[in-house]
Structures are given as C-alpha cells and as structure tokens.
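Please read the structure below before turning to the comments.
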Amino acid sequence: MTTMTEASVREFKMPDVGEGLTEAEILKWYVQPGDTVTDGQVVCEVETAKAAVELPIPYDGVVRDLHFPEGTTVDVGTAIISVDVGGGGAAPAPAAEQPAAEQPAAVRPAAAAPAEEPKAAGSGRQPVLVGYGVATSSTRRRPRKGPDVPVQQASTAIQTELNGHAPVAPAAPEAAAPAAPAGTERPLAKPPVRKLAKDLGVDLTTVVPTGPDGIITREDVHAAVAAAVPVVTEPQIAPAPAAVQAPASYDTARETRIPVKGVRKATAAAMVGSAFTAPHVTEFVTVDVTRTMKLVEELKADKEFTGLRVNPLLLIAKALLVAIRRNPDVNASWDEAAQEIVVKHYVNLGIAAATPRGLIVPNIKDAQAKTLPQLAESLGELVATARDGKTSPAAMQGGTVTITNVGVFGVDTGTPILNPGESAILAVGAIKPQPWVHKGKVKPRQVTTLALSFDHRLVDGELGSKVLADVAAILEQPKRLITWA
C-alpha cells in the first residue's frame, strides 16, 4: 500500500458558490487521480440550485483522490477532492485498499446524505471561491454516521418497534452498534417529505424508510397512503447498489421518472413559496402594437444598433422601465420581518429564460439607467449566457421586477407567478395579426395581450392598473418613449 505524508494532503471542500446555498451536484470532473493541478485551475463543474459553475482549486499539487463521482449531490463544506501538495506525486491507493476511516463520506445522488461533522466553535463557513458572498449564518447539517452518532441506530430502533423485528440493514464497514431505545430520534426525512406527509395526513413514525441510512422518501409516504396501513409486515431490503447513483431519468413500462434537483428543484420551491406567500392579482390588456413592430424594423436598420439583436422584447422592456419611472411605488418588495414596504430606486430587470436545466430569471442590473442600445446589448448577453448554461448566481439575485415572454411559444397570455422578493411580473403574449378597429374601420393589425401579476399587499388595483395601462399606451404609440421620458 502506497504511503504518503498526511500533512501534505489538502482536502478541497465544496464551497458556497452562491449566497446561502447548501448543496451542489458535481456535473463533470476535469481532472483524475495522478493529474498535476495548479492554483486557480478549474477541476470540476457543479450545478447549484441557481446555476452551473466551474470550481478552481486554490493550491498546487497532485490529485490524490476524487471523493464523489459525477452526478453526486454534495453538501457545502464536504471534501470533494484530495490533493498532495508536498510534491510526492504518489499514485492514489485503490479505493478497496483504503481503510474504512478514509472512505468517502455521504454519497447522496438522489437523496439526503450524511453531512460533514460540525465545525469547531469559532470556525467560519468555507470561503467562497465563485459567486459573490458568504451567508452570515452557517448551514445546519446532520452529523456524519459514526460510532458517536446513533443516526442509523435510531432508524433501526424505530423500524424494530413498528415491525416487531429489525430491518435488513445495508452492508457497512463496521458492525452496527446496539440499537438506541425507541423514541430517542424522530424519523429521518427531508423537509419536503415531512410537508408531503403532513399534507397527506401520514404519521412518519408509522412509515418504514427505504432510503439510504434509514431516510424516509416521498415514495415511502405515497406507498403508505396507497397501502392504507401504517406499517409493513416484512423486513425492508436494502436498495440495490445501482440505486445509489440515480440516473438523470429512468423509465418503467408506463412512465418516465425524472429526479427533481438543481435549478428545477429551486424553481419549484420558489414558486410554491411565492404562490402561497404573496396574494397574487393579475390584470390583462389587449393592445395594437403595429407601430411598435414598425419601429423594431426601423431600428434594425439603424447604425446605432449594428451587431445588436433588436426585437419586440427590447421595446417592451423599455416601455416597462418608463412605466415604472412614472409609477415608482410598483418597484418594491415586502419586508415581512420589519413589516415595511421597501421601494427600490433602481430597477434590476429580470428576464425569464427557459434553459435545458429549467427556468431561470437572470436580471439586468440598473436597467433604468441604460440607453436603448445599451439595453439591447444587455438583453443579448443575458439570453446568450442563459442558453449556454453559464449564468452566474449573482446574475439571478437582486431582481426587482420581471418580464416573461410566453408569446414565443405561441401562447396568447398567462397568469405568471411572482419571482420571490419582487412585486410585479409582466407576461407578454404572442404578437399576431387580428381584426382591429383602426380609424373607424376594421383592419388587420398586429395585436398582443399583456398580463401583469402583482403582490396585492403593496400594489393595489389602481397602481397595478396604471402600470399596465402605461406599458400598453407606449406599445400602441411608441413615440411616448420620447414624450414620457
């Protein structure tokens, strides 16, 4: 077995690549054991709840071990790669020859994983390498499985009490310690699973877990409901090794299941939180945008816009910015803790973008201060970055108001849900020719429907209506971009 000075081995831990994030999925490794790395070299790409980010390593050395395979979700603060910085350059020992104490902890691709041991008093969060800030509060995690932490013991005790016998436990390097007395630990389950059980009226103490380390999964809760019995009468079989690393999706004879994680998971949680926190009101207006479409064609030929993408969204965004300037109270947020309405004197304009990883909403910082060509440039960069999957976490934080263009899918309109922390979102429907009364005659005109959703705690019907009416008026007569400036 190859020996190596442990003092020369550095463990690179999963950093907080965005403010307050607690986990990230390893998408791709760019190095392998035995490779030489230098300070600042990108070693892997990870996906957080906000974006895909490349991680540079902060020191020179030789890669000793990769602790997790691609596709694994890892808690912030957990070591993901070992590097020998002493110059030894010895090849890493095979995983099978490593002592049990050196085996990687807590692989949890599609379920919760045992997390890193609590840090000593006074120690801080892992420094941020990519992103733009460190949250002031530390993340609470379950202790790592070991002889001093009876997590597995408690799970075994709960199942023993329910079934009358102990379940079949997954193989472990060490023999399991005697089970802790029943009732010393509550059933292990993630917060979303606990909420699901509460909504369905399921007592988690009556559900037999099948997840890793005795964790109750959503499937366990649904199975308990379907069976309509609180317990099972047969011992639980440990999951097959193939289940430890769930694929991106998997098929059965009649359905396809896609694990919800990363951006999709965060979007789902944010939308549920927004829908059930802020009282939504949505108003609609149908408007003749024929003159706006003519202006779009004229701007495309203008030398000031050479090399820039000019489309209706550019003028819609500018119209919304003018409407906000005329009605500044709509650009606000609700501070629940202070019970205050916070009116923003800047506009970080969010643009909802559909990407292969799910819906994201990057925003243009200080959009109100940009000229029309500058706004066109920022929109082009935002869309291109989002499509390439390179949007940074910072680009998706701090938005104040959002536009979602559902018209690109041929949809007439919708009732959009507010982006969390914002007070308004404008949905733009498809622009298409329709019969319209123009100068006393019915003529074919370019028409679209706009929908404005707003938080009724801080935006009343009058204010919301004024904003929507202003946007419609500008798109009907785009010269108002000048007269109302």
Side-chain angles (χ1 to χ4, degrees), residues 1-17 21-37 39 41-48 52-86 88-119 125-130 139 141-146 149 151 170-174 212-213 241-246 261-262:
M1 182 174 179
T2 303
T3 59
M4 184 177 294
T5 305
E6 295 299 326
S8 69
V9 176
R10 300 290 298 275
E11 300 283 355
F12 177 56
K13 299 178 180 180
M14 179 69 74
D16 179 356
V17 295
L21 298 179
T22 61
E23 63 184 19
E25 177 189 352
I26 298 174
L27 295 179
K28 183 177 180 62
W29 282 109
Y30 296 122
V31 296
Q32 295 297 325
D35 290 352
T36 300
V37 294
D39 186 0
Q41 178 180 339
V42 174
V43 295
C44 68
E45 181 182 21
V46 301
E47 182 182 29
T48 71
V53 179
E54 292 181 332
L55 298 184
I57 201 156
Y59 32 73
D60 302 333
V62 176
V63 177
R64 178 182 182 185
D65 189 26
L66 307 180
H67 295 321
F68 300 98
E70 294 175 356
T72 304
T73 300
V74 182
D75 284 335
V76 167
T78 302
I80 59 174
I81 180 174
S82 300
V83 175
D84 178 16
V85 298
E97 297 180 7
Q98 296 181 21
E102 295 182 4
Q103 294 297 320
V107 177
R108 48 178 201 83
E116 186 187 32
E117 295 174 353
K119 297 182 179 180
R125 288 282 299 278
Q126 176 74 10
V128 171
L129 298 180
V130 182
T139 305
R141 304 182 181 88
R142 274 196 321 279
R144 188 181 283 170
K145 180 172 66 178
V149 184
V151 173
E174 302 292 341
D213 301 320
V244 174
Q245 296 182 26
K261 54 186 177 180

Output the distance between atom [atom1] ([X]) and atom [atom2] ([Y]), rounded to the nearest 0.5 Å.
| X | Y | atom1 | atom2 | result |
| --- | --- | --- | --- | --- |
| T72 | E23 | OG1 | CD | 12.0 Å |
| I81 | C44 | CD1 | SG | 7.5 Å |
| L55 | W29 | CG | CH2 | 8.0 Å |
| E45 | K28 | CD | NZ | 9.0 Å |

Side chains of [X] and [Y]: closer than 4.5 Å at any heavy-atom pair?
| X | Y | result |
| --- | --- | --- |
| I80 | V46 | no |
| M14 | D75 | no |
| P69 | I26 | no |

ask   = Considering the options D35, T36, V85, which one meets the side-chain contact (heavy atoms from CB on, under 4.5 Å) requirement together with V62?
value = T36
inquiry  = Tell me every residue that passes side chain to side chain donor-acceptor pair (under 3.5 Å) with Q41, counting only those two or more places apart in sequence or in another chain.
reply    = none
Of all the heavy-atom pairs spanning [X] and [Y], show the shortest one and how long it is.
| X | Y | result |
| --- | --- | --- |
| V9 | S82 | CG1-CB, 4.0 Å |
| G77 | K13 | O-CD, 3.3 Å |
| A79 | E11 | CB-OE1, 3.6 Å |

key: Donor-acceptor under 3.5 Å (D60 side chain, D39 main chain)   = yes
